[in-house]
K.L.:
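Got a structure for you, written out below as structure tokens; questions coming shortly.
Given the structure is predicted, the values throughout are model-derived calculations rather than measurements. The basis for the numbers below is simple: all heavy atoms, side chains too, and nothing from hydrogens, waters or symmetry mates.
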Amino acid sequence: MAAEPGPQPSEETHRSVDLHQIGEHRWMATNRRGGGVSIGPGDDPDFTPVELLLAALVGCGAADLDHIAGKRAPFETFHARAEGHKIRDEGGNHLVQLTVTLDVTFPEGEGGDAAREVLPRTVQQIQDRLCTVGRTVTLGDQVRYVAGVVPDPVRGSAEEPSTRDEDFAGTPQEHGD
């Protein structure tokens with residue numbers, strides 16, 4: 001018996017972020033709503049790409065936790081952390097031992113009791129099915145990088161991206177931290 005196809009990609013399911021250069025080794029990622037975050041190599045306050053992945057993991061879990069437990073009672077205290085180890089092995093550069101810790105407390109009373117009661121189940125649901133970012137990392141759908149011809153808004157022409165090895169000199173640990 002053939003498996004039934006799942007939901008198909010559509011305009012409704014599509015998400016995107018655009019990136020443009022704002023300085024030497026610095027970029028700005030923008031969403032369609034006009035929000036932006038700066039990205040850099042790690043020698044300035046900008047987030048590195050790895051830090052943005054960690055922020056996405058912890059932010060996704062926090063949003064889900066707030067939606068479920070937080071509607072029963074407001075957080076009395078909230079602190080969350082995403083962490084992992086960036087290594088290089090036969091699989092290339094990647095993160096291992098990813099952990100998201102959600103350290104929250106709720107006020108005394110009926111609402112706080114209800115929030116505390118759903119907390120363990122909610123955290124498990126975040127891990128097992130709710131957090132889109134965590135589920136994507138866990139399920140491991142391949143990311144495809146393609147060389148495209150993106151028009152330069154200033155010159156009106158496109159520049160082919162470089163694929164020369166010498167353009168990527170330095171240790172692989174240094175690129176895209």
K.L.:
Should Thr13 and Pro7 count as side-chain neighbours, where that means a heavy-atom distance under 4.5 Å?
P.N.:
no
K.L.:
So do the side chains of Asn31 and Val37 get within less than 4.5 Å of each other, counting heavy atoms only?
P.N.:
no
K.L.:
So do Leu53 and Glu51 actually touch side chain to side chain, heavy atoms under 4.5 Å?
P.N.:
no
K.L.:
May I ask you to test the Ile68-Leu130 pair for a side-chain heavy-atom distance under 4.5 Å?
P.N.:
yes
K.L.:
Test side-chain contact (heavy atoms from CB on, under 4.5 Å) on Val118 and Arg72 and set out the steps.
P.N.:
CA-CA 9 Å; Val118 301; Arg72 288 160 172 80; 3.6 Å; yes
K.L.:
Could you pull out the closest heavy-atom pair between Pro49 and Gly40, with the gap in Å?
P.N.:
CD-O, 3.9 Å
K.L.:
Over all heavy atoms of both residues, which pair between Pro74 and Phe106 is shortest? Give the atoms and the distance, please.
P.N.:
O-CD2, 3.7 Å
K.L.:
Are there over 12 heavy-atom neighbours, none belonging to Gln21, within less than 6.0 Å of that residue's CD?
P.N.:
yes
K.L.:
Can you measure from CG (Asp43) to OG1 (Thr48) and round to the nearest 0.5 angstrom?
P.N.:
11.0 Å
K.L.:
I need the minimum non-hydrogen distance between Ala73 and Ala115, along with the two atoms involved.
P.N.:
CB-CB, 4.3 Å
K.L.:
Using the test side chain to side chain donor-acceptor pair (under 3.5 Å), find all partners of Asp46 that sit at least two apart in sequence or belong to another chain.
P.N.:
Arg26, Ser38
K.L.:
Decide yes or no for Thr30 and Val17: does some side-chain heavy atom of the first lie under 4.5 Å from some side-chain heavy atom of the second?
P.N.:
no
K.L.:
Does some side-chain heavy atom of Val123 sit less than 4.5 Å from a side-chain heavy atom of Leu119?
P.N.:
yes
K.L.:
Would Ser10 and Gln8 satisfy side-chain contact (heavy atoms from CB on, under 4.5 Å), going step by step from the backbone distance to the final call?
P.N.:
CA-CA 6 Å; Ser10 68; Gln8 297 299 306; over 6 Å; no
K.L.:
Are the side chains of Leu65 and Ile126 in contact, using a 4.5 Å heavy-atom criterion?
P.N.:
yes
K.L.:
Looking at Trp27 and Leu19, what are the two nearest heavy atoms and their distance?
P.N.:
CB-CD1, 3.5 Å
K.L.:
If you take all heavy atoms of Leu54 and Gly84, which pair is closest and at what distance?
P.N.:
CD2-N, 4.4 Å
K.L.:
Look only at the side chain of Arg81 and the backbone of Val58, and say whether a donor-acceptor pair between them is shorter than 3.5 Å.
P.N.:
no
K.L.:
Run Leu98 and Val137 through side-chain contact (heavy atoms from CB on, under 4.5 Å) and show every step you take.
P.N.:
CA-CA 10 Å; Leu98 290 168; Val137 170; 3.9 Å; yes
K.L.:
Considering residues, nucleotides and ligands other than Phe47, do more than 12 of their heavy atoms fall under 6.0 Å from its CZ?
P.N.:
no
K.L.:
State the NE2-CD distance between His85 and Gln97, to the nearest 0.5 angstrom.
P.N.:
4.5 Å
K.L.:
Ignoring hydrogens and angles, state whether a donor on the side chain of His94 or Asp89 is under 3.5 Å from an acceptor on the partner side chain.
P.N.:
yes
K.L.:
Could you go through the side-chain contact (heavy atoms from CB on, under 4.5 Å) check for Val104 and Thr77 one step at a time?
P.N.:
CA-CA 5 Å; Val104 299; Thr77 63; 5.6 Å; no
K.L.:
According to a 4.5 Å side-chain heavy-atom criterion applied to Ile, Leu, Val, Met, Phe, Trp and Tyr, with indirect links allowed, do Leu95 and Val133 form part of one hydrophobic cluster?
P.N.:
yes
K.L.:
Take atom CD of Glu117 as the centre, draw a 6.0 Å sphere, and report whether it contains more than 12 heavy atoms from other residues, nucleotides or ligands.
P.N.:
no
K.L.:
On a heavy-atom basis, which atom in Ala80 and which in Leu102 lie closest, and how many Å separate them?
P.N.:
CB-CD2, 3.8 Å
K.L.:
As an exercise, state the distance from NE2 of His14 to CZ of Arg32, rounded to the nearest 0.5 Å.
P.N.:
9.0 Å
K.L.:
I'd like to know whether NE2 of His67 has more than 12 heavy-atom contacts from other residues, nucleotides or ligands below 6.0 angstrom.
P.N.:
no
K.L.:
Quick check for you: to the nearest 0.5 Å, what is the distance between Phe78 atom CZ and Asp66 atom CG?
P.N.:
7.5 Å
